[in-house]
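Following: one structure in structure tokens, then a few remarks.
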Amino acid sequence: GDRPQTRHVIRSRQPDLGRGDCVDETACRLILGDAVDELSRISSASHSLVIVDPPYNHGVEYETYSDNLPPDDYRLWCATWFRECRRISSRHIIIFPGVANPGMWLSLAKPHGVGMWYKPGNPAGGGVFNWCESEPWLLWGPFIGGSDTITATVVGRGTKRGQSDTGDHPCPKPPKLYAELFRRLHPESVLDPMMGSGTSGVEAIKAGATFTGIEIAPGYFATASERIHHATGTSSSQLFSPNLFSQSEAADRAADGDE
């Protein structure tokens with residue numbers, strides 16, 4: 001849909017949110033909206049790490065997003081938001097491409113490095129022998145050193161190891177995966193334009209980074225907001241930090257009465 005002309009700080013733990021609205025805290029900015037639209041409003045080189053776990057186009061039933069695009073449409077969609085991620089990142093970008101999509105990404109924007117997420121005991125199918133126990137993560141930016149393999153047991157709804165606070169999201173990443181990446185990269189500021197149920201935000205806050213999260217699905221957004229509120233230990237009562245956003249957005253806020 002059309003991008004809203006103004007956005008508002010919502011001062012409530014469980015706000016009645018509309019597209020483009022934000023929950024704002026001292027250490028994080030959470031935006032309900034389409035990543036393709038909202039990324040264009042964030043200033044260049046404003047986040048030291050952009051981390052993205054996009055839908056893999058495998059037909060997963062998400063709350064609002066169609067995960068079954070024609071291949072060319074999916075590639076174009078990825079290219080569109082990735083272009084904005086490169087503009088916004090001042091240091092690193094990490095993308096989880098899934099098992100089937102690394103070839104597309106290698107042709108779209110060759111990464112500087114490829115790491116591996118080892119997930120023993122994965123309860124989901126999809127591997128050569130049904131149990132897919134590893135998948136890559138792609139890195140753009142300076143070499144970070146150390147092992148390129150991170151071991152983090154998979155979690156998900158309906159499993160004994162499942163996260164109990166991720167709501168209805170069908171495929172949340174394990175906290176340990178984000179925690180280990182943040183430990184190695186030492187980001188000062190993290191952006192996740194498809195934050196889902198908010199695990200990346202929770203772990204970014206724990207790592208001492210500021211966090212900006214975007215999510216298109218209202219249900220997932222509400223779950224992420226509650227989890228990140230809990231992680232920060234604060235209420236959504238602070239105003240926007242102007243250096244995170246573009247001058248045009250700052251003008252929109254001023255015209256709407258926000259300072």
Side-chain angles (χ1 to χ4, degrees), residues 9-15 17 21-33 35 38 42 46-55 62-63 85 88-89 92-96 115 117 119 137 150-238 240-241 244:
V9 179
I10 306 299
R11 309 190 196 288
S12 170
R13 288 185 66 84
Q14 293 182 323
L17 291 167
D21 284 341
C22 307
V23 173
D24 187 280
E25 298 190 11
T26 304
C28 67
R29 311 291 183 267
L30 307 181
I31 304 166
L32 176 62
E38 298 299 335
I42 299 177
S46 58
H47 292 72
S48 56
L49 172 62
V50 180
I51 190 164
V52 194
D53 180 24
Y62 291 102
E63 181 181 314
C85 290
I88 293 166
S89 172
H92 289 111
I93 300 173
I94 287 179
I95 291 177
F96 300 100
W117 167 31
K119 42 183 179 178
W137 50 272
I150 296 175
T151 301
T153 303
V154 73
V155 294
R157 294 183 300 147
T159 75
K160 292 181 180 179
R161 304 183 186 91
Q163 298 179 73
S164 61
D165 59 349
T166 54
D168 292 329
H169 198 281
C171 45
K173 291 286 189 292
K176 183 181 177 182
L177 178 61
Y178 288 109
E180 183 61 20
L181 286 168
F182 297 157
R183 185 189 70 81
R184 298 183 187 192
L185 292 170
H186 305 290
E188 296 85 19
S189 51
V190 176
L191 166 66
D192 185 343
M194 302 176 198
M195 69 174 172
S197 57
T199 303
S200 59
V202 171
E203 296 305 318
I205 297 300
K206 290 180 179 179
T210 61
F211 178 74
T212 302
I214 303 171
E215 176 53 45
I216 193 172
Y220 303 157
F221 183 87
T223 297
S225 297
E226 193 64 26
R227 295 178 72 207
I228 294 169
H229 277 305
H230 186 267
T232 60
T234 61
S235 62
S236 50
S237 59
Q238 305 296 322
F240 280 87
S241 176
L244 289 177

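Numbers here are sequence positions counted from 1. Note: hydrogens, waters and symmetry copies are ignored here, and every other heavy atom, side chains too, is used.
The structure places CD of E215 at 9.5 Å from OG1 of T223, a figure rounded to the nearest 0.5 Å. Atom CD1 in I94 sits 10.0 Å away from atom OG in S89 (nearest 0.5 Å). Atom-to-atom distance recorded for K173:NZ and L181:CG is 11.0 Å, nearest 0.5 angstrom. The structure places NE2 of H47 at 10.5 Å from SG of C85, a figure rounded to the nearest 0.5 Å. For the atom pair L191 CG and I88 CD1, the distance stands at 5.5 Å (nearest 0.5 Å). If you take CD1 on I228 and CZ on F221, they are separated by 8.5 Å, rounding to the nearest 0.5 Å.
Side-chain atoms of S197 never come within 3.5 Å of backbone atoms of Y220 as a donor-acceptor pair (strictly under, hydrogens ignored).
Looking at every heavy atom in both residues, G33 comes nearest to I214 through O-CG2, 3.5 Å. In plain terms, the two heavy atoms of A224 and G196 that are nearest each other are CB-O, 3.5 Å. The shortest heavy-atom contact between T153 and P174 is O-CB, 3.3 Å. Closest heavy-atom contact between A209 and P187: CB-O, 3.4 Å.
Every pair passing salt bridge (Lys or Arg N to Asp or Glu O under 4.0 Å) that includes a residue from residues 197-210 is listed here, sequence neighbours excluded: E203-K206.
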Practice item. List the steps and the verdict of side chain to side chain contact (heavy atoms under 4.5 Å, CB included) for I51 and Y178. Key: CA-CA 9 Å; I51 190 164; Y178 288 109; 3.7 Å; yes
Exercise for review: Please assess F96 against L177 for the test side chain to side chain contact (heavy atoms under 4.5 Å, CB included), listing each intermediate value before the final yes or no.
Suggested key: CA-CA 11 Å; F96 300 100; L177 178 61; 3.6 Å; yes
Check your understanding: Which is it for V202 and F211 under the side chain to side chain contact (heavy atoms under 4.5 Å, CB included) test, yes or no, and what are the steps along the way?
Key -> CA-CA 9 Å; V202 171; F211 178 74; over 6 Å; no
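With W137 as the partner, the side chain to side chain contact (heavy atoms under 4.5 Å, CB included) test is satisfied by one option alone out of I150, I95, D53: I150.
In this structure, D192 has no salt bridge (charged side-chain N to carboxylate O under 4.0 Å, His left out) partners at least two apart in sequence or on a different chain.
Salt-bridge annotation for E180 and K176: absent, with no side-chain N of the basic residue lying under 4.0 Å from a carboxylate O of the acidic one.
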